[in-house]
Amino acid sequence: PYTVQFLSHLKIETAVSTQPRISKVISIQSYRDSWKKMKPNTSSSPFGPTFVHYIAGSRDQQIAEFDATMANIPYASGYSPEVWINMVDVLIPKNTMSSAIKKTRIIVLFHALFNMNNKRIGREMIANAEELNQIPWEVYGSRKSHRAIECATNKVLTTDIARQEHRSMALCSNDAKSCFDRILHAIATICMRRVGVTKETCLMMFGTLAQAKHYIRTTYGDSETAYTCIEVPFQGIYQGNGAGPGIWLLVSIPIINMLKSAGFGFKVRTVISGNDFAFVCYTFVDDTDLVHSREDGDRNDDTSTDTTALVTEMQQVVDTWEGGLRASGGALVPSKSYWYLTHFIFEGNKWRYASIEETPGDITIRDVTGTGRVPLERLEVQEARESLGVFIATNGNQTAQTEELRKKAVIWADRVRTGRFTQAEAWYSLQY
């Protein structure tokens with residue numbers, strides 16, 4: 001049922017269908033300007049010229065004209081050059097203190113010209129979606145003038161509003177598993193087409209990815225043989241893809257619209273202007289906070305602790321989000337997901353937060369395999385977890401965040417005293 005809902009939100013909106021498609025032409029000047037912004041030490045596939053070669057070539061008019069033509073032919077026609085399908089997998093640690101295989105992520109090195117075309121696609125499709133108002137304001141990642149700290153701030157402000165109004169609400173923080181590596185090519189193509197990307201441009205990217213031959217980089221050099229698919233192409237757009245963040249943003253839009261259509265979310269009336277607005281989540285790339293409060297009876301006026309209806313609705317919110325994510329090829333990581341239930345009780349002459357014991361309830365999600373369900377960890381309102389680099393508790397206390405800042409200050413002071421800090425840190429200490 002969630003796949004059916006997801007597909008119903010993939011249609012092209014009138015605001016997009018009545019406008020011309022994103023241009024398939026790469027002008028010489030645009031090509032040269034793009035390479036001016038690139039860093040020469042950026043890694044790419046060894047099966048072709050490197051970033052340094054293309055940057056240098058872009059400074060010569062004749063070479064730039066030839067290279068721009070070679071970039072434009074696949075971009076406009078959907079053709080996949082054979083050399084582009086050779087890619088190199090590099091394993092880098094997620095945590096610098098651990099080199100265990102399970103603690104690493106795969107970064108794929110693409111042909112430099114192919115990835116530059118991907119970057120162009122990502123940049124132009126998001127710009128077009130912004131211009132045509134196709135991106136919900138709940139999305140913060142991969143957008144200009146949007147920062148992670150603003151997403152975290154709005155999350156805190158939401159809990160502040162609930163506290164001021166003594167409103168019951170539920171909040172679920174969840175993390176998508178290997179987000180870029182699980183996106184289905186068909187879904188990504190449709191999501192790109194619905195914001196103005198041409199069919200030929202999509203064919204260039206996904207036609208190349210479908211034929212990819214992966215070599216593995218090790219301490220002893222790159223493997224001499226490659227692994228590839230036999231019949232069904234590997235899915236996912238891979239980390240290292242210049243269009244990856246933009247594609248993930250576009251895939252998340254229909255899922256957010258699913259939640260809105262179902263009537264879920266947190267509704268607010270502004271104090272000064274009196275405007276009504278609602279939102280269903282805060283999302284920054286693969287980190288999402290789902291927020292929900294009930295339409296009626298969500299503001300407490302007695303000592304009631306019955307939150308059964310709220311928990312039931314929040315379960316539907318999580319199921320809808322997970323169902324839409326799975327329809328696009330994704331999944332949630334139960335071990336990295338948790339939830340809060342905020343409820344208030346008037347006791348004596350003041351309000352207080354209700355505990356988990358006073359408001360029982362569980363939320364479950366499907367495990368990564370999709371064969372069973374597991375309960376999500378539920379936290380007390382005073383417990384803080386790190387979210388987008390900030391420790392946030394739904395009751396507003398700053399204890400954990402203050403302690404974290406204190407630890408960082410001590411480490412910084414020790415490095416300054418002993419002189420054991422990086423060149424960048426030394427420059428920063430002199431400047432500020």
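- The OG1 atom of Thr320 sits 11.0 Å away from atom CD1 of Ile255, with the distance rounded to the nearest 0.5 Å.
- Residues Leu332 and Leu325 are in side-chain contact: their nearest non-hydrogen atoms beyond the backbone lie under 4.5 Å apart.
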With side chain to side chain donor-acceptor pair (under 3.5 Å) as the test, would you mind laying out the steps for Arg294 and Ser168 before giving the verdict?
-> CA-CA 8 Å; Arg294 299 195 65 220; Ser168 299; over 6 Å; no

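- Checked by atom type and distance alone, the side chain of Ser273 never pairs as donor or acceptor with a backbone atom of Thr270 at under 3.5 Å.
- Within a 6.0 Å radius of CZ in Arg373, more than 12 heavy atoms belonging to other residues, nucleotides or ligands are found.
- Atom OH of Tyr140 is separated from atom CZ of Phe284 by 10.5 Å, given to the nearest 0.5 angstrom.
- Within the 4.5 Å cutoff, no side-chain heavy atoms of Met87 are placed close to those of Lys213.
- A 4.5 Å side-chain heavy-atom check between Lys103 and Pro93 finds every atom pair outside the cut-off.
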Given ring-ring contact (aromatic ring centres under 6.0 Å, His included), test Tyr238 with His214 step by step and report yes or no.
-> CA-CA 11 Å; Tyr238 305 128; His214 295 267; 5.1 Å; yes

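- Between the OG1 atom of Thr201 and the CZ atom of Phe206 there is a distance of 11.0 Å, given to the nearest 0.5 Å.
- A cation-pi contact links Arg385 to Tyr338, judged by a cut-off of 6.0 Å to the six-membered ring centre and 45° from its axis.
- Between the side chain of Gln5 and the backbone N or O of Met258 there is no donor-acceptor pair closer than 3.5 Å.
- For the pair Ile12 and Gln134, the minimum side-chain heavy-atom distance is 4.5 Å or more.
- Note that the CG atom of Asn133 and the CD atom of Glu13 stand 11.5 Å from one another [nearest 0.5 Å].
- Partners of Lys260 by salt bridge (charged side-chain N to carboxylate O under 4.0 Å, His left out), not counting sequence neighbours, listed by chain and number: Glu138.
- Inspection of the Ser293 and Arg167 side chains reveals an N or O donor paired with an N or O acceptor under 3.5 Å.
- Side chains of Ile183 and Ser328 form no contact here, defined as non-hydrogen atoms less than 4.5 Å apart.
- Asp319 and Gln315 are linked by a side-chain donor-acceptor pair at a separation below 3.5 angstrom, with hydrogens and angles left out of the test.
- A donor-acceptor pair under 3.5 Å links the side-chain atoms of Glu358 to the main chain of Ser355, judged by distance alone.
- Put simply, the side chain of Glu313 never gets that close to the backbone of Leu310: no donor and acceptor are under 3.5 Å apart.
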Evaluate side-chain contact (heavy atoms from CB on, under 4.5 Å) for Asn241 paired with Met205, printing each intermediate quantity in order.
-> CA-CA 10 Å; Asn241 189 329; Met205 179 188 297; 4.1 Å; yes

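- A donor-acceptor contact shorter than 3.5 Å links the side chain of His292 to the backbone of Gly265.
- Taken to the nearest 0.5 Å, the CZ atom of Arg193 stands 12.5 Å off from the CG atom of Leu10.
- Ring centroid separation for the pair Phe47 and Tyr215 comes in under the 6.0 Å cut-off.
- For Arg120 and Ser30, the side-chain atoms include at least one donor-acceptor pair closer than 3.5 Å.
- In summary, of the residues considered (Thr158, Asn154, Thr153), a side-chain hydrogen bond (donor to acceptor under 3.5 Å, both in side chains) with Tyr282 occurs for Thr158 alone.
- Leu209 places none of its side-chain heavy atoms less than 4.5 Å from the side chain of Pro233.
- Remark: the backbone N or O of Leu7 is not paired with any side-chain donor or acceptor of His9 at under 3.5 angstrom.
- Shown here for His185 and Gly236, the closest heavy-atom pair between the two residues is NE2-O, 2.9 Å.
- Remark: Met204 CE to Asn117 CG distance equals 4.5 Å, nearest 0.5 Å.
- In this structure, Thr104 contributes its side chain and Leu91 its backbone to no donor-acceptor pair below 3.5 Å.
- What you find for Ser387 and Lys155 is that their closest heavy atoms are OG-NZ, 3.4 Å.
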For the pair Phe51 and Lys39, evaluate side-chain contact (heavy atoms from CB on, under 4.5 Å) and give the outcome as yes or no after the intermediate values.
-> CA-CA 8 Å; Phe51 268 63; Lys39 297 179 180 179; over 6 Å; no

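- The aromatic rings of Phe180 and Trp248 sit tilted, their planes meeting at an angle between 30° and 60°.
- Taking every heavy atom of both residues into account, Val381 and Tyr340 meet most closely at CA-CD2, 4.1 Å.
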Output, in order, the C-alpha distance, side-chain angles, deciding distance and verdict of side chain to side chain donor-acceptor pair (under 3.5 Å) for Arg378 and Thr359.
-> CA-CA 11 Å; Arg378 180 178 171 185; Thr359 55; 2.9 Å; yes

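- In this structure, Leu376 and Cys172 have side chains that are in contact, with non-hydrogen atoms separated by less than 4.5 Å.
- Side-chain atoms of Ser173 and Asp289 include a donor-acceptor pair closer than 3.5 Å.
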Does the side-chain contact (heavy atoms from CB on, under 4.5 Å) test come out yes or no for Ile126 and Ile135, once each step is laid out?
-> CA-CA 9 Å; Ile126 296 303; Ile135 304 179; 4.3 Å; yes

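- Within a 6.0 Å radius of CD in Glu131, other residues, nucleotides and ligands contribute 12 heavy atoms or fewer.
- With respect to the salt-bridge test (charged N to carboxylate O, under 4.0 angstrom), the residues Glu377 and Lys336 do not qualify.
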Quick one: do Lys119 and Met38 satisfy side-chain contact (heavy atoms from CB on, under 4.5 Å)? Show the steps, please.
-> CA-CA 11 Å; Lys119 290 176 183 288; Met38 296 298 105; 4.0 Å; yes

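- Listed for the Glu403 side chain is no donor-acceptor partner under 3.5 Å among the backbone atoms of Ala400.
- Screening residues 114-138 for ring pair (Phe, Tyr, Trp, His ring centres under 6.0 Å), with sequence neighbours left out, gives Trp84-Phe114, Phe110-Phe114, Trp137-Phe279.
- For residues 169-187, the set of pairs meeting the salt bridge (Lys or Arg N to Asp or Glu O under 4.0 Å) definition, not counting sequence neighbours, is empty.
- Aromatic pair Tyr353/Phe344: ring centres closer than 6.0 Å.
- Between Ala129 and Val195, the shortest heavy-atom distance links the atoms CB-CG1, 4.1 Å.
- A 4.5 Å side-chain heavy-atom check between Leu250 and Met125 finds at least one atom pair inside the cut-off.
- Looking at every heavy atom in both residues, Asp286 comes nearest to Cys179 through CB-SG, 3.8 Å.
- Side chain of Asn128 to backbone of Glu130: no donor-acceptor contact under 3.5 angstrom is found.
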Candidate pair Ser17 and Thr14, rule side chain to side chain donor-acceptor pair (under 3.5 Å), full reasoning = CA-CA 5 Å; Ser17 61; Thr14 304; 4.8 Å; no

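- In plain terms, the two heavy atoms of Ser34 and Arg123 that are nearest each other are OG-NH2, 3.6 Å.
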